[in-house]
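To start, the structure itself, in structure tokens.
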Amino acid sequence: MKFRDVIGQEEAKRQLLQLVAEGRVPHAMLFCGPLGCGKMALAMAFASFLLGECDDDDADQHAAAAAMPPLTADKRRSAEAMLAKWGHPDLFFSYPVIKPAGTSSDHKMESDDFARQWNEMICKSPYFSMANWLTAMGAANQQPIIGVGESNALVRKLSMKSSQGGYKVCIIWLPERMNGECANSMLKLIEEPPHQTVFIMVCEEPEKLLETIRSRTQRFDFKRIDTPSMEQTLIDKRYVAPDMAHRIARVANGNWLAAEAELDAGNENRLFLDMFIMLMRLAYMRKIKDLKKWSEAVAGYGRERQKSMLAYFGRLIRENFMYNFQNPELNYMTAEEENFSKNFARFINEANVVELSELYERGIRDIGQNANAKIVFFDIALKTIVLLIQK
């Protein structure tokens, strides 16, 4: 994984390379930014660089590499071969996992319990979401966490010397999912890191991370992917026609995962659009019994998908509100979404746009706190009836 494989983020790449060139690589880094911006891709590319992978034709990378302990040509080739399949002995991944049914209560779950599934996923692409990971693990309604078994395993692994004589890199995906016991153990590890060990934490919700851990990391906030870079990648790597690439890049709004979803004929957003249309039509017609059936249907989706659907609903409410201004530059919708909005947008106005948006945000919070999904969604459905008639 080289920096050239990261979509856009040129400023972030230069910033990371400058740290290496100046000998200022922090021992603990916190990568933050919106979903799909490429935080994990940057973490994996930076880890690969620290472990010996380098673009031969990039002057900034050569300048940064010169500041690190030199690697022989054989060692560099060996490092690149191992990194090609993410099997480098000095690279460690830590990530939230579920506890499958039938697992002994004495067993402390750790990342290695799902190492095969993780490796298969990251070998496909460095751009993925929690939904992708849940599918890879075969999870249902379980909420993945990083438990104390993982922190114990990392203490054991990182206490060993580097096998290649250089850096050891530990990438922690979604550290905010560490439970209390694990977070306290990780805090000690970060406070007294093993020699030449770099922690890269890739975080979606940094405010949920233990404050004492946040204070001991150097935070990097990455922006959304710029539209021209995304557009060009769609054309060059996914062979999308330029006009379609332009529309997809605008709709994706800096989120590569959203762009890939638009390319998928059976993507989840089409299901979400259908459920949004059904909700709005049933609410407008005040069909309580049918809304109850709708609530029961979406209650079976699984919590991560439910939260994604509600986030999608919130986006559509905002887009329909902006549609009323009749300025195409303000809208970021697919052709299907826009076709529905031609008749629906007039129902979203100053009197209800804020309350509808807050309704879905509360739903995301309640689902995340393990509230009864049937009750949450039926409540959303009933309140939508009231809000749609406000003018």
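This one's a predicted model, so the numbers in the text were calculated from it and none came from an experiment.
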Item to check | Side-chain touch F340/M333, heavy atoms, less than 4.5 angstrom | outcome: no
Next on the checklist: Going by side-chain contact (heavy atoms from CB on, under 4.5 Å), name the residues that satisfy it together with D74, two or more places apart in sequence or in a different chain.
Outcome noted: T72, R77
Checklist entry - Quick check: are there more than 12 heavy atoms from other residues, nucleotides or ligands sitting under 6.0 Å from CD of E192? => result no
Item to check | Result of checking Y95, F128, F93 against W133 for ring pair (Phe, Tyr, Trp, His ring centres under 6.0 Å) | outcome: Y95
Item to check | Residue pair M280 / N320, side-chain heavy-atom distance below 4.5 Å | outcome: no
Checklist entry - Would you say the side chains of S129 and N132 form a donor-acceptor pair under 3.5 Å? => result yes
Checklist entry - Do F276 and F344 make the cut of ring centroids closer than 6.0 angstrom? => result yes
Next on the checklist: Would you say CD of E11 has more than 12 non-hydrogen atoms from neighbouring residues, nucleotides or ligands within 6.0 angstrom?
Outcome noted: no
Checklist entry - Could you walk me through whether R238 and E260 pass the salt bridge (Lys or Arg N to Asp or Glu O under 4.0 Å) check? => result CA-CA 9 Å; R238 301 303 294 270; E260 287 192 316; 3.4 Å; yes
Checklist outcome for this item: side-chain contact (heavy atoms from CB on, under 4.5 Å) test vs N184 passes for just one of N179, T212, L210, namely L210
Item to check | Between E337 and Y323: side-chain donor-acceptor atoms closer than 3.5 Å | outcome: no
Checklist entry - Is any NZ, NE, NH1 or NH2 atom of the basic residue among D366 and R362 found under 4.0 Å from an Asp or Glu carboxylate oxygen of the other? => result no
Checklist entry - Do F46 and F220 come within less than 4.5 Å of each other through their side chains, counting heavy atoms only? => result no
Item to check | Under 3.5 Å donor-acceptor, Y127 side chain and I7 backbone | outcome: yes
Next on the checklist: Working to the nearest 0.5 angstrom, can you tell me the gap between M178 CE and I145 CD1?
Outcome noted: 11.5 Å
